[in-house]
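Only a predicted model underlies this, so the values are computations on that prediction, with no experimental measurement involved. Starting from 1, each residue takes its place in the sequence as its number.
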Amino acid sequence: MERNKLSSNLSNKFFNDVNKYYRFDSSLNYYVNNKDYSLPYNDGNAYEEYVYNVVKNVKDRSEFSKELRGAIKDWPSFYYLSPIRNNIFRPIKKYLKGVGLEAGAGMGALTRELGKEASLLFALEGSKQRARVIGKRCEDLDNVKVLVDDIMKFPIKGLDFITLIGVLEYASCFSNDENSHLNMLKKINDSLNDDGFLIVAIENKLGLKYISGAKEDHVGVSYVGIHDSYKQGTAQTFTRQKLISLFHEAGFNGLKFYYPFPDYKQPKVIITENALGRNDFNLASFMSLCVQEGYPQSASFSKTFSDEALWRVICENKNLQDFSNSFLVIATKNPRTFQKYIDSDIAYAYSSGRDKEFATEVKISSFKGKLVVNRENLYKFDEEDKNHNLCIKQNLKCEDYIEGISYFEKILPMINTPNFLLKDIASLLTPWISYLLQFAVKDNDSGKILIPEKYLDCTPTNLIIGKNNYLYPFDFEWKYKKEYIPILWVIHRGIQGVLTSVEAIADSKDIENKSIIQVIWEIILHLGFNVTNDDVEEVYELENELQSDVTGFKQDIREYLGNPLKVRRSISWYEDKMSEFIKIIYAYENKLNKSQEINI
């Protein structure tokens with residue numbers, strides 16, 4: 001059971017304040033203020049009722065609950081039930097100690113994780129409907145107290161930390177004051193002790209995804225933020241420089257920025273300030289490898305340029321901090337407060353949407369003058385508690401950081417070139433195939449080409465091109481149950497990783513009307529391999545077994561790979577389509593006019 005015992009001093013000091021200003025509703029496990037306040041705001045009654053019923057009926061409400069992951073069916077349920085949300089706090093746990101306030105706790109997606117770190121946590125939510133979800137979600141955590149109240153009227157002071165995760169931008173929704181965001185920060189400042197921390201996560205008005213055409217998260221219209229056309233009473237986001245100005249004006253003179261990708265709502269990668277401007281860390285390469293996950297708005301607009309390629313240019317120009325899709329900011333009143341904390345970490349990458357046995361953190365940090373890569377499980381298992389009936393085991397280890405560019409970067413320009421040919425992609429992959437074949441053997445009975453199982457992860461996204469174009473493998477995470485595996489399985493995994501690691505690829509007649517499956521196998525044929533139907537079935541049987549074991553849910557990747565690749569159209573393509581559409585309208589109008597003339 002996740003518990004965090006309180007000292008008697010903390011109990012007396014803060015519980016007296018709670019009992020002074022709030023009364024406890026034991027049926028819903030939350031406190032309401034003496035004026036019975038409740039904010040008339042929600043994400044839709046149907047969504048919130050669904051999440052409440054899920055939380056109420058599951059047996060396991062912990063962070064890596066398989067029941068909660070299995071209930072995810074759309075973006076709102078992902079937002080409140082996915083363990084990926086908690087990645088936002090993993091690099092900064094050292095700032096989440098003592099007595100804290102989670103302001104705007106929503107339906108408790110982050111509350112349990114905060115409660116594990118804090119001695120005492122106040123989860124403050126303005127809506128009773130949402131607060132009941134937190135109350136149910138955290139009913140086994142003695143140190144989490146759910147409060148229904150207005151942030152601006154929260155009476156308790158002297159806190160060690162306060163979080164505003166997706167909250168600051170809404171300050172203007174509930175106040176007519178043109179300085180509503182500044183006033184919220186000042187209120188938070190007043191509630192912290194002298195060494196306290198404010199943790200803010202918020203979208204960047206100038207984030208690359210918005211420049212790319214993604215709809216503004218809060219108003220659902222593209223370019224509202226970058227055009228600075230917010231209306232009074234709507235949520236509002238800020239650029240990095242504007243945020244810095246607001247923090248300073250509110251009395252926060254010590255700031256530390258982190259950069260979560262694809263954004264703070266589903267952070268798979270978090271870049272620290274220590275990564276910026278380093279000569280021994282290839283940030284552009286790291287971004288091309290890791291910033292591959294889309295965001296919910298991706299399906300609602302068509303891309304006209306490659307985010308992945310532009311991120312490389314932005315990193316080379318040392319501008320990542322200005323174009324990050326969102327920010328995670330640690331703020332304190334006195335910059336010297338940060339001196340108490342050693343911070344040598346460069347970047348983090350997370351795989352937390354898996355079954356808890358395989359959820360991992362990859363951390364790149366500076367150690368004794370060099371960069372090292374540390375990998376470890378997020379959920380601590382005793383060896384005897386692990387499932388030993390799976391087809392794979394994890395092989396997590398620490399290793400030195402390898403300088404160079406990723407093999408994936410070598411292929412990226414090709415799939416961004418209009419009218420590329422699949423045979424040209426195969427040509428770029430030939431050095432990788434040659435690398436694999438040096439470890440391969442031929443099975444005497446079946447005639448199949450096999451490779452030792454340790455090369456299961458030897459794919460272009462796990463290879464660095466170093467000096468003299470030598471290939472350096474890294475992050476061989478999986479250990480398969482058999483000593484040898486079909487080389488076609490490894491090749492299929494590698495090509496799939498390349499093609500699906502980008503939001504969209506350039507248009508080409510060579511992929512027209514073809515599924516991802518067809519494109520992958522056509523490239524394999526261009527590589528010179530003879531493929532039978534049995535080979536194809538074997539590859540998908542092996543991959544489905546692996547994915548099912550890793551996720552904890554039965555998988556058939558052919559359902560996803562049966563779709564076409566998402567294609568990025570050029571501006572001229574849209575212009576041509578518009579011209580064609582206008583011609584059709586004119587032709588229809590002419591036909592209609594002639595028909596009317598005949599009737600007259």
Side-chain angles (χ1 to χ4, degrees), residues 261 268-272 274-275 278-293 308 311-312 315 344-352 354 358-378 392-412 428-440 451-480 485 487 489-498 500-502 546 550:
F261 290 92
K268 308 290 182 62
V269 170
I270 298 179
I271 309 292
T272 76
N274 295 331
R278 292 187 71 104
N279 294 324
D280 58 348
F281 178 63
N282 191 335
L283 180 57
S285 184
F286 185 79
M287 291 287 288
S288 71
L289 282 172
C290 295
V291 187
Q292 304 161 356
E293 298 290 340
E308 296 82 10
W311 273 122
R312 293 196 74 258
C315 290
S344 59
D345 299 335
I346 306 297
Y348 299 81
Y350 295 99
S351 299
S352 55
R354 303 168 170 177
F358 300 117
T360 58
E361 175 187 74
V362 177
K363 179 173 65 175
I364 301 175
S365 55
S366 178
F367 180 72
K368 294 184 178 180
K370 66 177 183 179
L371 297 185
V372 294
V373 183
N374 297 284
R375 298 178 178 87
E376 60 180 32
N377 292 108
L378 292 172
I392 41 90
K393 293 182 179 179
Q394 266 183 316
N395 180 34
L396 300 181
K397 63 179 182 179
C398 300
E399 56 189 355
D400 291 341
Y401 173 79
I402 305 170
E403 292 190 52
I405 67 169
S406 72
Y407 201 117
F408 171 73
E409 288 180 88
K410 182 178 180 179
I411 306 167
L412 189 58
L428 288 174
L429 293 173
T430 299
W432 165 52
I433 301 301
S434 298
Y435 182 86
L436 290 176
L437 286 173
Q438 66 181 319
F439 309 109
I451 193 168
E453 58 79 23
K454 73 175 184 178
Y455 293 101
L456 176 60
D457 267 346
C458 189
T459 64
T461 53
N462 283 352
L463 287 171
I464 294 293
I465 303 175
K467 294 180 180 179
N468 301 318
N469 286 324
Y470 189 81
L471 298 182
Y472 295 89
F474 70 97
D475 194 19
F476 283 10
E477 182 178 4
W478 302 113
K479 180 174 177 60
Y480 191 64
I485 58 177
I487 195 170
W489 184 21
V490 179
I491 294 171
H492 185 285
R493 299 187 87 234
I495 297 173
Q496 177 188 334
V498 168
T500 60
S501 290
V502 294
L546 185 149
V550 171

Residues which pass ring-ring contact (aromatic ring centres under 6.0 Å, His included) with Phe281, listed by chain and number, not counting sequence neighbours: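 Residues passing ring-ring contact (aromatic ring centres under 6.0 Å, His included) with Phe281: Phe286, Tyr401.
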Looking only at non-hydrogen atoms, find the nearest pair between [X] and [Y] and report the distance.
X      : Y      : result
Phe474 : Arg375 : CD1-NH2, 4.1 Å
Leu436 : Ile451 : O-CD1, 3.6 Å
Phe476 : Asn462 : CE1-O, 4.4 Å
Leu283 : Ala275 : CD2-O, 4.4 Å
Tyr407 : Ile465 : CA-CD1, 4.0 Å
Leu463 : Cys458 : CD2-SG, 4.1 Å

Counting C-beta onward and ignoring hydrogens, is there a side-chain heavy-atom pair between [X] and [Y] closer than 4.5 Å?
X      : Y      : answer
Pro460 : Ile411 : yes
Gln496 : Thr459 : no
Met287 : Arg312 : no

Using side-chain contact (heavy atoms from CB on, under 4.5 Å), reason through Leu456 and Leu546 one step at a time and then give a plain yes or no. CA-CA 11 Å; Leu456 176 60; Leu546 185 149; 3.6 Å; yes
How long is the straight-line distance from [atom2] of [Y] back to [atom1] of [X], given to the nearest 0.5 Å?
X      : Y      : atom1 : atom2 : value
Ile464 : Asn282 : CD1   : CG    : 7.5 Å
Ile392 : Tyr480 : CD1   : OH    : 9.5 Å
Asn374 : Cys398 : CG    : SG    : 4.0 Å
Trp478 : Leu396 : CH2   : CG    : 8.0 Å
Glu403 : Leu371 : CD    : CG    : 7.5 Å
Ile491 : Ile433 : CD1   : CD1   : 3.5 Å

Main chain of Ile346, side chain of Thr272: is a donor-acceptor contact present, judged purely on distance under 3.5 Å? yes
Can you tell me how the ring of Tyr350 sits relative to the ring of Tyr348, calling it parallel under 30°, perpendicular over 60° and tilted otherwise? parallel
Any chance you could lay out the salt bridge (charged side-chain N to carboxylate O under 4.0 Å, His left out) test for Lys370 and Asp280, step after step, and finish with the verdict? CA-CA 8 Å; Lys370 66 177 183 179; Asp280 58 348; over 6 Å; no
Checking salt bridge (charged side-chain N to carboxylate O under 4.0 Å, His left out) between Glu477 and each of Lys454, Lys393, Lys397, Arg354, which is the one that passes? Arg354
Heavy-atom count around Phe367 CZ within 6.0 Å, excluding the residue itself: above 12?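 Atom CZ in Phe367 is not packed in, count stays at 12 or less.
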For Thr461 and Asp475: C-alpha separation, side-chain torsions, deciding distance, then whether side-chain contact (heavy atoms from CB on, under 4.5 Å) applies. CA-CA 10 Å; Thr461 53; Asp475 194 19; over 6 Å; no
